[in-house]
Trainee: 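This is the structure, below, for whatever I ask next.
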Amino acid sequence: MNLKVVNKKVYVVSDIHNDADRFKLLLEKIDFAEDDILILAGDIFDRGNQPMELYFEILKYPNIQVIQGNHDVWLAREIMEKYAGEKVGEYISYNTLSIMEQRMTAVDLLNLARWIKEKPYYINLDLEGRKYQIAHAQTYLTPERIWNKSRFYMGDGHYECFIRGMEEHNEFTSVVGHTATEDRKIWASPSGRTIRIDCGAGYQKDGNLGVIRLNDMEEFYISW
């Protein structure tokens, strides 16, 4: 997906992991407005206990862009296997579906799965001439040539080098989540071309929910 933005604030957050309360607090903290754009870089679901509240909160905002993360892919596959009888490939089952089944119909769950599957695996962002590629786990110079889409949300054989800023390109700055930063703060490589934004919200005892505003690189956090 390609996105060109002028005269708007662009925020990126990832790995919310069912934490609707902290997500709502984060929207308040950044004073999220209808002219802003918020990109959710994957892993909306699993681990926390508020998947429905988070899902419906996201649906309120047409100016929120969602990228698929591995937990989102797995949830969609689990739903499609159980309720549509599809052979969907491998997935790991967490707590989200069992929570949602208590309050959502099969039709609603299938709509959720389709909603997830419609989302892109990456966004190429042109922010007033500055180029970014935003994905859940790993970015690529020619993403349209990546046939194995799991590389975007799980990484490839070079992933450990990538997250240390050793697989960078001059064409864009990479913004990713997936692996929590060691100090639970947003991390940038020495060049500034690799930015990691998973601040461990899925690990609620010591994690943060962190968002970066790409216009000026200001960081915002919601902690326990």
Side-chain angles (χ1 to χ4, degrees), residues 10-32 36 38-58 61 64-76 78 91-100 116 119 121-123 132 134-139 150 152-155 159-160 162-165 173-189 192 194-214 217-224:
V10 179
Y11 300 87
V12 191
V13 64
S14 75
D15 297 88
I16 305 169
H17 285 296
N18 287 347
D19 199 333
D21 287 343
R22 269 204 278 192
F23 181 67
K24 292 175 184 177
L25 289 173
L26 188 62
L27 294 178
E28 293 178 9
K29 189 161 190 175
I30 65 176
D31 195 21
F32 189 54
D36 300 337
L38 176 61
I39 298 173
L40 308 185
D43 279 9
I44 295 169
F45 297 110
D46 290 339
R47 294 200 175 111
N49 60 9
Q50 299 175 305
M52 287 189 56
E53 293 83 354
L54 179 58
Y55 173 50
F56 289 125
E57 183 69 17
I58 292 168
Y61 298 94
I64 289 181
Q65 299 283 343
V66 175
I67 292 170
Q68 295 189 50
N70 55 296
H71 284 268
D72 313 316
V73 170
W74 293 339
L75 174 61
E78 184 178 13
Y91 63 85
I92 299 175
S93 178
Y94 279 75
N95 60 331
T96 297
L97 182 55
S98 62
I99 294 172
M100 287 185 152
I116 292 170
K119 304 308 176 187
Y121 294 103
Y122 65 92
I123 291 177
Y132 299 87
I134 303 163
H136 180 60
Q138 191 166 342
T139 62
S150 70
F152 292 107
Y153 57 79
M154 292 295 289
Y159 178 69
E160 292 299 326
F162 170 81
I163 62 173
R164 288 166 174 77
T173 295
S174 300
V175 185
V176 297
H178 188 55
T179 297
T181 58
E182 288 74 9
D183 63 356
R184 304 304 193 245
K185 297 289 185 181
I186 291 169
W187 177 89
S189 65
T194 303
I195 300 173
R196 294 170 55 198
I197 57 172
D198 178 0
C199 299
Y203 306 94
Q204 297 187 2
K205 290 184 179 180
D206 65 349
N208 298 311
L209 188 60
V211 62
I212 188 167
R213 185 168 61 208
L214 295 180
M217 296 300 168
E218 185 168 352
E219 302 169 11
F220 305 84
Y221 296 94
I222 301 295
S223 306
W224 281 112

Trainee: What's the verdict on side chain to side chain contact (heavy atoms under 4.5 Å, CB included) for K29 and I222, showing C-alpha distance, side-chain angles and the deciding distance?
Mentor: CA-CA 8 Å; K29 189 161 190 175; I222 301 295; 3.7 Å; yes
Trainee: Hey, does Y159 have a side-chain heavy atom less than 4.5 Å from the side chain of T179?
Mentor: yes
Trainee: Would you compute the distance between atom CG of D198 and atom CG of D43 and round it to the nearest 0.5 angstrom?
Mentor: 7.5 Å
Trainee: Please name the pair of heavy atoms, one in K185 and one in C199, separated by the smallest distance, quoted to 0.1 Å.
Mentor: C-SG, 3.6 Å
Trainee: Without swapping roles, check the side chain of S189 against the backbone of T194 for a donor-acceptor pair under 3.5 Å.
Mentor: yes
Trainee: Does the side chain of L40 reach to within under 4.5 Å of the side chain of F23, using non-hydrogen atoms?
Mentor: yes
Trainee: Calculate, to the nearest 0.5 Å, the distance between atoms CG and CG belonging to D46 and L75 respectively.
Mentor: 6.5 Å
Trainee: Identify which one of L38, L27, I197, V12 satisfies the side-chain contact (heavy atoms from CB on, under 4.5 Å) criterion when paired with V211.
Mentor: L38
Trainee: For residues A137 and G155, report the shortest heavy-atom separation together with the two atoms involved.
Mentor: CB-N, 3.7 Å
Trainee: Name all residues meeting the ring pair (Phe, Tyr, Trp, His ring centres under 6.0 Å) criterion together with F45; count only those two or more places apart in sequence or in a different chain, and write none if there are none.
Mentor: none
Trainee: Which is it for D72 and V66 under the side chain to side chain contact (heavy atoms under 4.5 Å, CB included) test, yes or no, and what are the steps along the way?
Mentor: CA-CA 10 Å; D72 313 316; V66 175; 5.7 Å; no
Trainee: Using the side-chain hydrogen bond (donor to acceptor under 3.5 Å, both in side chains) criterion, which residues pair with Y94? Sequence neighbours excluded.
Mentor: none
Trainee: Could you give me the CA-CA distance, side-chain angles and deciding distance for T181 and I186, then say whether side chain to side chain contact (heavy atoms under 4.5 Å, CB included) is met?
Mentor: CA-CA 7 Å; T181 58; I186 291 169; over 6 Å; no
Trainee: Please examine the side chains of I195 and V176, heavy atoms only from C-beta on, and report whether any two atoms are closer than 4.5 Å.
Mentor: no
Trainee: For T139, check side-chain hydrogen bond (donor to acceptor under 3.5 Å, both in side chains) against everything at least two apart and list the hits.
Mentor: S174
Trainee: Distance from E57 atom CD to I16 atom CD1, nearest 0.5 Å?
Mentor: 10.5 Å
Trainee: Can you list everything that forms a side-chain hydrogen bond (donor to acceptor under 3.5 Å, both in side chains) with Q65? Sequence neighbours excluded, please.
Mentor: none
Trainee: Taking Q68 for its side chain and I116 for its backbone only, find out whether a donor-acceptor pair lies under 3.5 Å.
Mentor: yes
Trainee: Any sub-3.5 Å donor-acceptor pair from S223's side-chain atoms to N208's backbone N or O?
Mentor: no
Trainee: State which residues pass ring pair (Phe, Tyr, Trp, His ring centres under 6.0 Å) with Y221; sequence neighbours excluded, sorted by chain then number.
Mentor: none
Trainee: Please report the interatomic distance OH(Y11) to CD1(I212), rounded to the nearest 0.5 Å.
Mentor: 11.5 Å
Trainee: I want to check something: taking the side chain as every heavy atom from C-beta on, are R22 and H17 in contact at a cut-off of under 4.5 Å?
Mentor: no
Trainee: To the nearest 0.5 angstrom, please state how far the CD atom of E53 sits from the CD1 atom of I99.
Mentor: 8.5 Å
Trainee: Is there a side chain to side chain contact (heavy atoms under 4.5 Å, CB included) between Y55 and T96? Walk through the geometry before answering.
Mentor: CA-CA 11 Å; Y55 173 50; T96 297; over 6 Å; no
Trainee: Kindly say whether N49 contributes a backbone atom to a donor-acceptor pair with the side chain of N18 at under 3.5 angstrom?
Mentor: no
Trainee: So does K24 pair up with E28, basic N to acidic O under 4.0 Å?
Mentor: no
Trainee: Taking all non-hydrogen atoms of both residues, which atom of G177 and which atom of S14 are closest, and how far apart?
Mentor: CA-OG, 3.4 Å
Trainee: Would you check if F220 and V13 make a side-chain contact, meaning some heavy-atom pair closer than 4.5 Å?
Mentor: no
Trainee: In chain order, what residues pass the side-chain hydrogen bond (donor to acceptor under 3.5 Å, both in side chains) check against H178, with sequence neighbours excluded?
Mentor: N70, H136
Trainee: Quick one, H71 and I44 - any side-chain contact, counting heavy atoms below 4.5 Å?
Mentor: no
Trainee: Which heavy atom in W187 sits nearest to a heavy atom in G165, and how many Å separate them?
Mentor: CH2-N, 4.1 Å
Trainee: Which residue in the set L26, L25, D15, D21 passes side-chain contact (heavy atoms from CB on, under 4.5 Å) when paired with L209?
Mentor: L26
Trainee: What I'd like to find out is whether the side chain of Q50 reaches to under 4.5 Å of the side chain of D19, using heavy atoms alone.
Mentor: yes
